[in-house]
A.B. asks: 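Before anything else, here's the structure in question.
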Amino acid sequence: MFSQTAEYALRAAVALAARPDEALTAAELSRQTQIPTDYLFKVMGQLARGGVVTAVRGKRGGYRLSHPPQQTSILDIVNAVDPIPRILHCPLGRPAHEHALCPLHAHLDATYAQIERTLGERKLHELIDPTMGPDPLGALNLPTLSPSTDPEAPTP
């Protein structure tokens, strides 16, 4: 349901939220979140344009959250990089559905609306695991799954 970009944006935001008093470099964020550096720059640019993060220049430069984690919703982060789609008009362009969506599209849009409400109610600070210290995702200890140990890998 969520794009890889949204997943990466959430990882980066959680890493920044765990250390709100300092700016993290792209190299540090990449290491903590296991996001490829080139992709990270793209994601951070989108988050900056969306007002979620601020780029800090200089020797102690990097990225930091623009607002406290208690004020930043998960929806803010997702919408900055890959907004939740809404169905406002009949995707088929049918005149009979000009003023009201058909049941299929009305239910789909209601589902999207519920996702928006849920993500909007959840704040970034709720995603921080204080037991993880400065590495909130535990990225340094993530196991690397090989095809033989990956439970979802297809069997030969």
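One is the number of the first residue; the rest follow in order along the sequence.
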A.B. asks: Could you tell me if T5 and D82 have a donor-acceptor pair between their side chains, going purely by distance under 3.5 Å?
C.D. replies: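 Per modelled atom types, D82 and T5 side chains form no pair under 3.5 Å.
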A.B. asks: Do S66 and V52 come close enough that some side-chain heavy atom pair is under 4.5 Å?
C.D. replies: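 S66 does not reach V52 side chain to side chain.
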A.B. asks: Determine the minimum heavy-atom distance between L10 and V78, stating which atoms define it.
C.D. replies: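 Answer, listing the atom of L10 first, then V78: CD1-CG2, 4.2 Å.
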A.B. asks: Can a donor-acceptor pair be found, under 3.5 Å and without considering hydrogens, that links the side chain of S30 to the backbone of A26?
C.D. replies: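 Between the backbone of A26 and the side chain of S30 there is no qualifying donor-acceptor contact (under 3.5 Å).
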A.B. asks: What distance do Q32 atom CD and L40 atom CG have between them, rounded to the nearest 0.5 Å?
C.D. replies: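 Q32 CD to L40 CG: 11.0 Å, rounded to 0.5 Å.
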A.B. asks: For the residue pair Q70 and K123, establish whether any side-chain heavy-atom pair is separated by less than 4.5 Å.
C.D. replies: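 Contact flag for Q70/K123 side chains = no.
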A.B. asks: In Å, rounded to the nearest 0.5 Å, how long is the span from CD of E22 to CG of L16?
C.D. replies: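 Interatomic distance, E22 CD to L16 CG, rounded to 0.5 Å: 9.5 Å.
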A.B. asks: Do the side chains of R19 and E28 get nearer than 4.5 Å, heavy atoms only?
C.D. replies: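 Counting from C-beta outward, E28 and R19 do come under 4.5 Å.
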A.B. asks: What are the two closest non-hydrogen atoms of I77 and L124, and how far apart are they?
C.D. replies: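 Nearest pair, atom of I77 first, then L124: CD1-CD1, 3.8 Å.
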A.B. asks: Please examine the side chains of I87 and Y112, heavy atoms only from C-beta on, and report whether any two atoms are closer than 4.5 Å.
C.D. replies: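 Yes, close enough: below the 4.5 Å cut-off.
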A.B. asks: Which atoms form the tightest heavy-atom contact between Y8 and I35, and what is the distance?
C.D. replies: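 Looking at all heavy atoms of both residues, the shortest contact is O-CD1, 3.3 Å.
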A.B. asks: Any side-chain heavy atom of Y39 within less than 4.5 Å of one from Q4?
C.D. replies: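 Touching, per the 4.5 Å side-chain cut-off.
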A.B. asks: Do R117 and Q114 meet the criterion of a side-chain donor-acceptor pair at a distance under 3.5 Å?
C.D. replies: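 Side chains of R117 and Q114: pair found under 3.5 Å.
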A.B. asks: What are the two closest heavy atoms between R86 and D109, and how far apart are they?
C.D. replies: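 In terms of heavy atoms, the two residues are closest at NE-OD1, 2.7 Å.
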A.B. asks: Can you see which heavy atom on C90 is nearest to which on R94, and at what distance?
C.D. replies: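 For C90 versus R94, the nearest heavy atoms are SG-N, 3.6 Å.
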A.B. asks: Can you find a heavy atom in the side chain of Y63 that is under 4.5 Å from one in the side chain of V56?
C.D. replies: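 No, every pair of side-chain atoms sits at 4.5 Å or beyond.
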A.B. asks: Once you round to the nearest 0.5 Å, how far does NE2 of H107 lie from SG of C102?
C.D. replies: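 One finds 9.5 Å between NE2 of H107 and SG of C102.
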A.B. asks: Hey, what do you get for CD1 (I84) to CD (E116), rounding to the nearest 0.5 Å?
C.D. replies: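 Answer for the CD1-CD pair, I84 versus E116, is 6.5 Å.
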A.B. asks: If you round to the nearest 0.5 Å, how far is OG1 of T37 from CE of M44?
C.D. replies: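 Reported to 0.5 Å precision, the distance equals 12.0 Å.
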A.B. asks: Which pair of non-hydrogen atoms, one from Q71 and one from D76, has the smallest distance, and what is that distance?
C.D. replies: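 The pair with the smallest heavy-atom distance is O-OD2, 4.0 Å.
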A.B. asks: Out of the candidates V53, L29, T33, only one should pair with L24 under the side-chain contact (heavy atoms from CB on, under 4.5 Å) rule; please name it.
C.D. replies: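 For L24, the side-chain contact (heavy atoms from CB on, under 4.5 Å) test succeeds with only one of V53, L29, T33, which is L29.
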A.B. asks: Going from NE2 on H105 to CG on L92, what distance comes out if it is rounded to the nearest 0.5 angstrom?
C.D. replies: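 Between H105 NE2 and L92 CG, I get 5.5 Å after rounding to 0.5 Å.
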